[in-house]
Structures are given as structure tokens and as C-alpha cells.
Number of protein chains: 2
Amino acid sequence: MGIENGKIRIKDVAKKAGVSTGTVDRVLHNRGEVKEETRKKVIDIIREMGYTPNLIAKSLASKKLYRFAVIIPDANNYTPYWEKPLQGVLKAAEEIKDFNSIVDVHKFKGSDENSFRKVYAEVLKCNPDGVVFNPKHKKASLDFVKLMDEERIPYVYLDVDLASGNNIAFFGQNARQSGQAAARLISNIIPNGSEILIAKLAGKKLVSHHITLREKGFIDFFKNSNNCDCKFKSIDIDLSINTEPSLSLKKIFGEHHNIKAVFVPNSRVYRVAAFLKENNLQRTICLGYDLIQPNVEYLNLGVIDFLIGQKPEDQGFNSIMALFNHLVLQKKVNKLNYSQIDIIIKENIAYYNL
Amino acid sequence: MGIENGKIRIKDVAKKAGVSTGTVDRVLHNRGEVKEETRKKVIDIIREMGYTPNLIAKSLASKKLYRFAVIIPDANNYTPYWEKPLQGVLKAAEEIKDFNSIVDVHKFKGSDENSFRKVYAEVLKCNPDGVVFNPKHKKASLDFVKLMDEERIPYVYLDVDLASGNNIAFFGQNARQSGQAAARLISNIIPNGSEILIAKLAGKKLVSHHITLREKGFIDFFKNSNNCDCKFKSIDIDLSINTEPSLSLKKIFGEHHNIKAVFVPNSRVYRVAAFLKENNLQRTICLGYDLIQPNVEYLNLGVIDFLIGQKPEDQGFNSIMALFNHLVLQKKVNKLNYSQIDIIIKENIAYYNL
DNA sequence: AAAAAAGTCGTGTGCGCACACGCAAATATA
DNA sequence: TATATTTGCGTGTGCGCACACGACTTTTTT
């Protein structure tokens, strides 16, 4: 190391400037107590020698402990999905822990806005240096964001893009575009004039913005494509009713005999797959979202034909790293970060589902 | 920091073991000069307290400079592909440079075994601490590997798996499986009884093992699938003849009128796409490999229907990180690392081609 | 003019670890 | 028994940086 290796240290700058390391340090951190004249000189020499701080040493010497808070829905039987971003978050936590940075994970009940409000109040009390959160509850999230802006706490959106606020970054999928990709895959396969079922399965009647966008992209693709005149049948299925989704699906398939494909714009596609299998409808093309366990099983059985993936682990990981880069390393981070739209079939799933 | 923050330091271990930090250090580095009895005790306490070294401090204190060498084919007009792994390598280099680690990139002429031999001789002279290389030339690579084994230099295979040698890791695609994925995509679309053209375009008559495996996977899929009786026509096209590939393709399409799909098991698919476009054969399903620029263009034009990607940037990046993890962080690294088999269509390419 | 305050700047210490050095006890050699 | 040699271990220093402390100079106040 040292200057002979091309690495300029504070010491080298100080020597050349004819001052002490302390003075250079004060200049570097804008901590004042330096005569303007010497400050200028030091700055010049810093530039001239191309000094860049050694991040390793910087981190070791710094007593500042960075605390990052993560607020995401609790993974449960209905939404095992959120385990994946969590994995990524924890991996990031491991990776930055030697840089005086720790990550606290807070979970809220996905469907419950008040639960979210309660959690963010807790988080604010901890005075975090940065926050990653899932702004699925728009109103509450806007309130949260306002508070963080006041306290100048930087924050990152995960999975959903609030589209307003001073977030330093967003990580998630371009929902509309993913619907278009899904449409292309299906339109490749089914004959002209087929019917397509769009099945929106939700915990309650809550169909999220996300899902709407996916559907929109899906339908738009067919609209804009000249050689494909398929008919759509879009239905909402309330999974909190325990005869569902069987009830609704039976009815639909009974009434429409030309349904060649089912598009499920969220991760509950395995519920539809179960129905298809039980009723010997495996030849119906079935496409849904996310590589959660039951979906993967039906894909391997050949009941689900395609899954759209979005690397939720990476999203979780990158969210934390965005905060870290912004605050600790003071690197620039991209604001809009769309994940890949992964197309998963039986033959390539082994290399995604790690 | 310190123990009150849950961070166990050498000092803490030493105190609890009733020895000095020096002794703990000797135990940690297996540097001997410790009585077996105390060694045991220290080891136990390390485990008990869950000590993990602070990588930051470790790196700062270490005077050792790690040099990694990378040996890959030179990217040129025929194989722009190799720019991608290089990008990943350079990104990794940037990321580890504060950890006393530097990366030297050496290029050889892809088609020339002697060029490869010359380069590896140079590399060995530099006494690298680790090597990442592309063992496309089997014989020469085996010789190289032998020399490295003698010098106990760890090495990583990139893109091609030599299947012998003491490599610490391999990064690349499962070629056979990627052929299967390709087959599924095509078989979904084309009607039963169609003909499928398999066009192997190569610089000379050199068809690599890679390509053979992709073809094998492709054909096997159809064999094992019961409801698909397609006919295959497999041809080799020598691109060093400058009337190719037009000449061969014209002939084939003239003789076979039921070709519904073309499978090109490497990145030269854009040459076929150009032919299809010129001859108004866009309706033929066209599938090939790798997201190089001309391929991407034809995908966006709708001439190429699918591309199979393999994240070569990640492969390059991960190869270096494997060496780094192995040598510097002394973490375990997986030996066999198959990349994802990315399925790329017009609608999702924007999120892959960065 | 003396005392207080403010403005500048150098020095020293510690972050957690690696490693050189050297001391003391145990063992070997004479 | 005296003298080498080995074995086992503690101490000290430095990696590049952040920051506290104190010293010295200049300016302000009384």
C-alpha cells in the first residue's frame, strides 16, 4: 500500500500541502476551523493528486453506526412471496455488517393498513438512518413519506412505486410490461379466436394496482397486435370464501367452452392450477406469477405452463445496497430500477429457484 | 463497535480464553507455535462466542496484495460475445480493489490455440494468486492446469467446463438443458408434423462441444415428448465462405417447404435472421443464443422470436468473486455454477440488455 | 494594557487485525 | 550442571482514517 503503490493517503496530501493530517481531515469533512487560504491550497492538492478515501479504513475508523429499517408484509400462507425479498435483505445485511451497518426488519400484516401505520411509527422512534419499505398502502405510505422527509431520512420503495415522494430509489417490476410479455407467450400458442380467462384471485376484494397494471398490459398486447382476435373473460375471485376458487372457475368453464388459456396476474396461480388438474383441464395454457413453492410444483407437473418471475431476492438485496451506497459509500444510485421479467418454464426453473 | 454491540473481536476471545491476542491470531491462521491444549481451548471459545473476523480490519491490516489473472478470448466482429464477461470481470475488479486485490486481463485469439499457450505462459510469469480462464482449447488448457496445480494456483473455469482438473469453480450454462428449453418454446408454437431446421453456423468447420450439447438437448426434448413428431434437418454452415449463410439456407428452404422453425445453437442467429427478413420468411419461428447487438435488433424487429441468454456479465463477475471469496475471504465457493437460462422476447429484453 | 474569546492548526489515540520481535519456560545437548 | 535450542506465548507497531484535545496565534472585549 502507501503512495508507492499509487494509493494517495491523507498523509501524502498533508505533506505536499505543508500541513498536518488533521487539517486535511478538517477540509475533507468541511468541519471548519481552517483558514480559507489553506483550505483552498489543500483542496487543490487533493484534486491534483487525485486523492480518494480508502473506504476500508474509513469504515474501520468511523464510530458511526448506520441503522437501516425494512418494512415489509409478513409472509404467511396467503403470501409466501414476501419471504423472498426478505432473504435478499438478510443477505445484504450480512454483507454490510462489517461496515458498521445493521438492518432491522419490521413486518406488518399485508392486508391491514393500520398495522402498517403502527409499524412505521415504531420505526420512526428508532431514528433509522435509512428506510426500505413496501408502499402498498398508498395513503399511509404518503403520510409516512412526509414524516421521513421532515426528518431527512432517505427511503427506498420496494415492489410498488409510489410515483411521488423523494425516494432515493425504487426496486420492482414494470408490471404493465410483464403483462405484455405474458400476453406474447400465450398469443404465440393459442389459435386465433380463442377465449382467454383472466382470473384475479385476492385475499378479500382487494385487487391491487399492481395486478390491474399487469392485466392492462396483457390486454393491450392483444389489442395492439393485428393478428390476434381473442376474447377475454375477466373475473375476480375472493379467496376468503372457502368454496373458492373452485366455485367461480367451474361456472366459467361450464359457460365458456373455448377457453384456451388462463392468465392469473399474481402469485395465486397455483390455486387455479389445482382446479385445472382436478378437472382434467391441463391442456389449458396456464400462466401466472412468482416462483413460490406451490407454483413451482405445478410448473413441474406441467399444469402451469409459464411463470413470470421478478427476482424478489435481488430486489430486497438491492434495496438495502441502495441505501448503503447512498449513505455510507456516498455513491450515486439509480432511482428507477426495474427488475428483469423472467420467463420460467419447466426446463429452466432449476436455475432460478435457488 | 466492540463486544457491547454483539461484535466479537479477537480481543474478546483472547480475554475469555485467558491468552493474548497474539495466540488467538496464531490459532486463527494455523501458524503453529501454540500448544495443542491451548489451541483446542481457543478454538472452542471461538466457536462458542461465534467469532467472525472483521473483514474491514483484516483487509486494512493485511499487507498482501492479491493479483488475479483473467484469460479470455479477444472480442472481435465474429465474437462480440466476450465483451460481456469482460464487463463483469471489470465490475468485480472495481468492487474488490479496496481489498488489496487487483485483476489483470489477458486476451488470446479465440480460434488460435498457440495464442492461448503464449498468453498463459506470460500469466504464469506474473505469479498470480488466482486465475480465471476460458478453457475452450482442451489440450492446452489441460497443460495449463497441470502447471497451476504444481504451483498451487487456484483457478476458475469460465464458460466451458473442463470436467477435469482441480478448479475451484466453474461458471457457465448447462448447454444441454438450454437446448431443451429452446425446444419447449418452439414445440409450444409449431404444429405437429412440422419440419425444424437446426443451423450450425461456425467460423470454420469448428463446431464446439457447447453447440453439440445444445443441439442434443434440443433434439432429445422432442424425442421424449410424446405429442410432437417433428422432423429435423441439421446443417453446418461455414461462415468463412462469403456466400454463406445465404447459399445453404436458400437451398434448404427451397427443398423443404414445411420448415416452421429455425434453431441456431449459437450467437450467429442474426445471420439467419437477416436471411429470413430478406426472403420474407419472418413467419418462421427463429430462436438463437445470446444478447449481442445484432441479435437484439432482429428480436426487436420481430424476425427473431426468442433468444436464450445466460448472463455472461454475471459469469465474469462471479468468476472473479469466486477467487476473491476463496482466497481473501476464505469462504467456501460452489464448484458447479450453472447460469440461468434466460428466455428473452421482445417484451422483456429491455430489462436484460443493460 | 490585561484578560477573554475566537480562530488555526498539530498531535495523539483507537478502530480490529496481521505480523515481527523478543522473552520465558521447557527441552535437548554438551 | 551449564549451555544451546526449541516451544509457547505476550507485546508492540502499523494499516488509513476520524476525531478529541490541547497549543499557539490572532482578534475582541473590558
Side-chain angles (χ1 to χ4, degrees), chain A residues 1-42 46 49-66 97-101 328-330, chain B residues 1-43 46 49-66 97-101 327-330:
Chain A
M1 301 310 82
I3 197 170
E4 68 279 3
N5 277 310
K7 253 314 192 185
I8 314 294
R9 300 154 299 178
I10 285 186
K11 197 198 288 186
D12 304 315
V13 174
K15 197 168 168 189
K16 189 148 189 177
V19 297
S20 73
T21 61
T23 300
V24 177
D25 182 73
R26 276 182 285 267
V27 171
L28 281 171
H29 296 83
N30 291 314
R31 243 187 291 112
E33 306 192 17
V34 180
K35 209 199 293 181
E36 184 54 24
E37 188 187 325
T38 49
R39 202 186 72 88
K40 279 252 168 63
K41 186 158 80 182
V42 170
I46 284 174
M49 301 181 78
Y51 168 82
T52 56
N54 179 322
L55 298 179
I56 299 298
K58 186 171 186 154
S59 172
L60 185 63
S62 169
K63 277 121 170 52
K64 164 105 184 105
L65 178 69
Y66 288 90
K97 74 158 197 265
D98 281 335
F99 285 86
N100 297 336
S101 305
V328 183
L329 305 188
Q330 296 175 20
Chain B
M1 303 315 82
I3 197 170
E4 68 280 2
N5 277 309
K7 251 316 197 183
I8 313 295
R9 299 153 300 178
I10 284 186
K11 197 198 289 187
D12 304 313
V13 173
K15 196 167 168 190
K16 187 148 190 177
V19 296
S20 75
T21 61
T23 300
V24 177
D25 182 74
R26 275 181 287 265
V27 170
L28 282 170
H29 295 83
N30 291 314
R31 244 189 289 112
E33 306 192 16
V34 181
K35 210 200 292 182
E36 183 54 25
E37 189 187 324
T38 47
R39 203 185 73 88
K40 279 251 167 63
K41 187 158 79 183
V42 170
I43 292 241
I46 285 174
M49 301 181 78
Y51 167 81
T52 55
N54 180 322
L55 301 179
I56 299 300
K58 186 170 185 153
S59 171
L60 185 62
S62 169
K63 279 121 169 49
K64 165 108 185 103
L65 178 69
Y66 288 91
K97 73 158 198 269
D98 277 336
F99 287 86
N100 297 338
S101 305
L327 281 172
V328 182
L329 306 188
Q330 295 176 22

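Chain letters run A, B, ... following the sequence lines, proteins first and then strands; every chain starts at 1.
Phosphate proximity of D:dT11 to B:Thr21: absent, as no side-chain N or O sits under 4.0 Å from OP1 or OP2. Phosphate proximity of C:dC17 to B:Ser59: absent, as no side-chain N or O sits under 4.0 Å from OP1 or OP2.
For the pair A:Tyr51 and A:Leu28, the minimum side-chain heavy-atom distance is below 4.5 Å. Between A:Ile46 and A:Val42, the closest side-chain pair of non-hydrogen atoms falls below 4.5 Å. By the 4.5 Å heavy-atom criterion applied to side chains, B:Met49 and B:Val13 are counted as neighbours. Here the side chains of B:Thr52 and B:Lys7 are in contact, with some heavy-atom distance below 4.5 Å.
Between B:Leu60 atom CG and D:dC15 atom P the separation is 9 Å, expressed in whole Å. Rounded to whole Å, atom P of C:dC9 lies 20 Å from atom NZ of A:Lys15. What separates CG of A:Leu55 from P of D:dC15 is a distance of 18 Å, to the nearest Å. At whole-Å resolution of the value, OH in A:Tyr66 and P in D:dA18 are 10 Å apart. Computed from coordinates, the B:Asp25 CG to C:dG16 P distance equals 15 Å when rounded to whole Å. Look at CG on A:Asp12: it is 11 Å from P on D:dC15, rounded to the nearest Å. Put simply, NZ on A:Lys97 is 14 Å from P on C:dG16, counting in whole angstrom units. Taking atom OH of A:Tyr51 as the reference point, atom P of D:dG16 lies 10 Å away to the nearest angstrom.
Between B:Gly22 and B:Ile56, the residue whose closest nucleotide on DNA chain C is further toward the 5' end is B:Ile56.
In terms of heavy-atom proximity, B:Ser101 sits nearest to B:Leu65 at N-CD1, 4.3 Å. The heavy-atom pair separating B:Thr21 from B:Lys11 by the smallest distance is CG2-CA, 3.9 Å. B:Pro53 and B:Lys58 get closest at one heavy-atom pair: CG-NZ, 4.3 Å.
Nearest to the side chain of A:Lys11, among D:dC15, C:dG16, C:dG10, sits D:dC15. Among the nucleotides D:dG16, D:dC21, C:dC21, the one closest to the side chain of B:Arg26 is C:dC21. In the set C:dG16, C:dC17, C:dG10, C:dC17 carries the atom at the smallest distance from any side-chain atom of B:Lys58.
A donor-acceptor pair under 3.5 Å links the side-chain atoms of B:Asn100 to the main chain of B:Ser59, judged by distance alone.
Among the protein residues, B:Asn54 comes within range of the sugar-phosphate backbone only, with heavy atoms under 4.0 Å from sugar or phosphate atoms but none that close to a base.
Only B:Glu33, B:Val34, B:Lys35, B:Thr38, listed by number, bring a heavy atom of residues 27-42 of chain B to less than 4.0 angstrom from any atom of DNA chain D.
Ion pairing between A:Lys41 and A:Glu37 fails under the 4.0 Å rule for side-chain N and carboxylate O. Using a 4.0 Å cut-off between charged side-chain N and carboxylate O, A:Lys15 and A:Asp12 make no salt bridge.
The C1' atoms of five pairs define one axis at each end of the helix from C:dA1-D:dT30 to C:dA30-D:dT1, and these two axes lie 50° apart (to 10°).
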Shorter than 3.5 Å, N or O on both sides, protein versus nucleotides 24-26 of chain D: list them out with atom names.
none

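One distance of note links CD of B:Glu33 with OG1 of B:Thr23; it measures 10.0 Å at 0.5 Å rounding. Atoms NZ and NZ, from B:Lys35 and B:Lys40 in turn, are 13.0 Å apart once rounded to the nearest 0.5 Å.
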